[in-house]
Every structure is written in C-alpha cells, then in structure tokens.
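Right, one structure below, let's go through it.
Reckoned from all heavy atoms, side chains included, excluding hydrogens, waters and symmetry mates.
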Amino acid sequence: KAAEFTKYTIAVTKRKEDEARASSVYDLYAPGEPIVSFDSFLDGESIRNEDLVAWVTIAKEHVPRTEDVPLITNFGTSFGLKPWNMFDKNAGMDVQRSAPVK
C-alpha cells in the first residue's frame with residue numbers, strides 16, 4: 001500500500017494544496033498503513049477546466065557494470081511532454097519563399 005503510485009504510469013488529478021506528494025518518507029515504517037494514500041487522490045472528480053497535476057512514474061532498470069562500482073548513481077531518468085497532432089497542419093509551411101541573394 002505504501003507505493004500505490006507505482007500502479008500507474010501516469011495519473012492526472014485536479015490540483016489540491018493538501019496533495020503535494022504521492023508518498024511519504026514515513027510510509028517505509030508502516031507500509032501496510034501509509035500516511036499518504038495515492039489511490040485516494042483518484043476520486044473520480046472532474047478535471048475539466050481545472051488546474052491539473054500529472055503524476056508520472058519513471059522506472060529505471062539498471063544493470064550494473066564494472067565501471068559503476070562504487071558509484072552506482074551515475075545515471076539519470078527524465079521524461080518529456082510533446083504535443084501530438086496539436087495543429088491541423090505544419091505552421092512552418094506558411095512561410096513565404098525568400099528571394100535569392102545576388
């Protein structure tokens with residue numbers, strides 16, 4: 001129960017001041033009764049015309065190699081957001097032709 005957020009690759013919820021983190025460092029001490037219950041964030045309320053929070057879970061599989069030891073924190077993780085079919089056409093296609101330079 002302490003890592004409920006790991007069930008989701010991405011979850012989108014309405015932004016709330018009291019939902020600042022998906023887990024707590026104290027959840028390690030009582031994983032069966034976590035202080036923060038991420039599943040309670042997903043309460044089915046409408047997110048239309050609201051400020052949103054995207055809860056993104058990033059996984060990293062690390063296969064150790066000789067060069068990693070003793071410093072195994074030499075890798076990072078990230079994610080990016082990229083629009084998909086946001087426009088009807090490529091806006092760059094409306095650029096006027098330039099005159100040849102003589």
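Under a 4.0 Å N-O distance rule, the pair E50/K16 does not qualify as a salt bridge.
Under the 4.5 Å side-chain criterion, counting only non-hydrogen atoms from C-beta, V12 is in contact with I47. In this structure, F79 and L81 have side chains that are in contact, with non-hydrogen atoms separated by less than 4.5 Å. Within the 4.5 Å cutoff, the side chain of L42 has no heavy atoms near those of the K7 side chain.
In this structure, CG in D51 is found 9.5 Å from NZ in K14, a value given to the nearest 0.5 Å.
Within a 6.0 Å sphere centred on CG of D18, other residues, nucleotides and ligands contribute more than 12 heavy atoms.
For P83 against M86, the heavy-atom pair with the smallest separation is CB-SD, 3.6 Å. The two atoms that bring Y8 and T57 nearest to each other are O-OG1, 2.9 Å, heavy atoms only. Contact detail for A54 and I10: the closest heavy-atom pair is CB-CD1, 4.4 Å.
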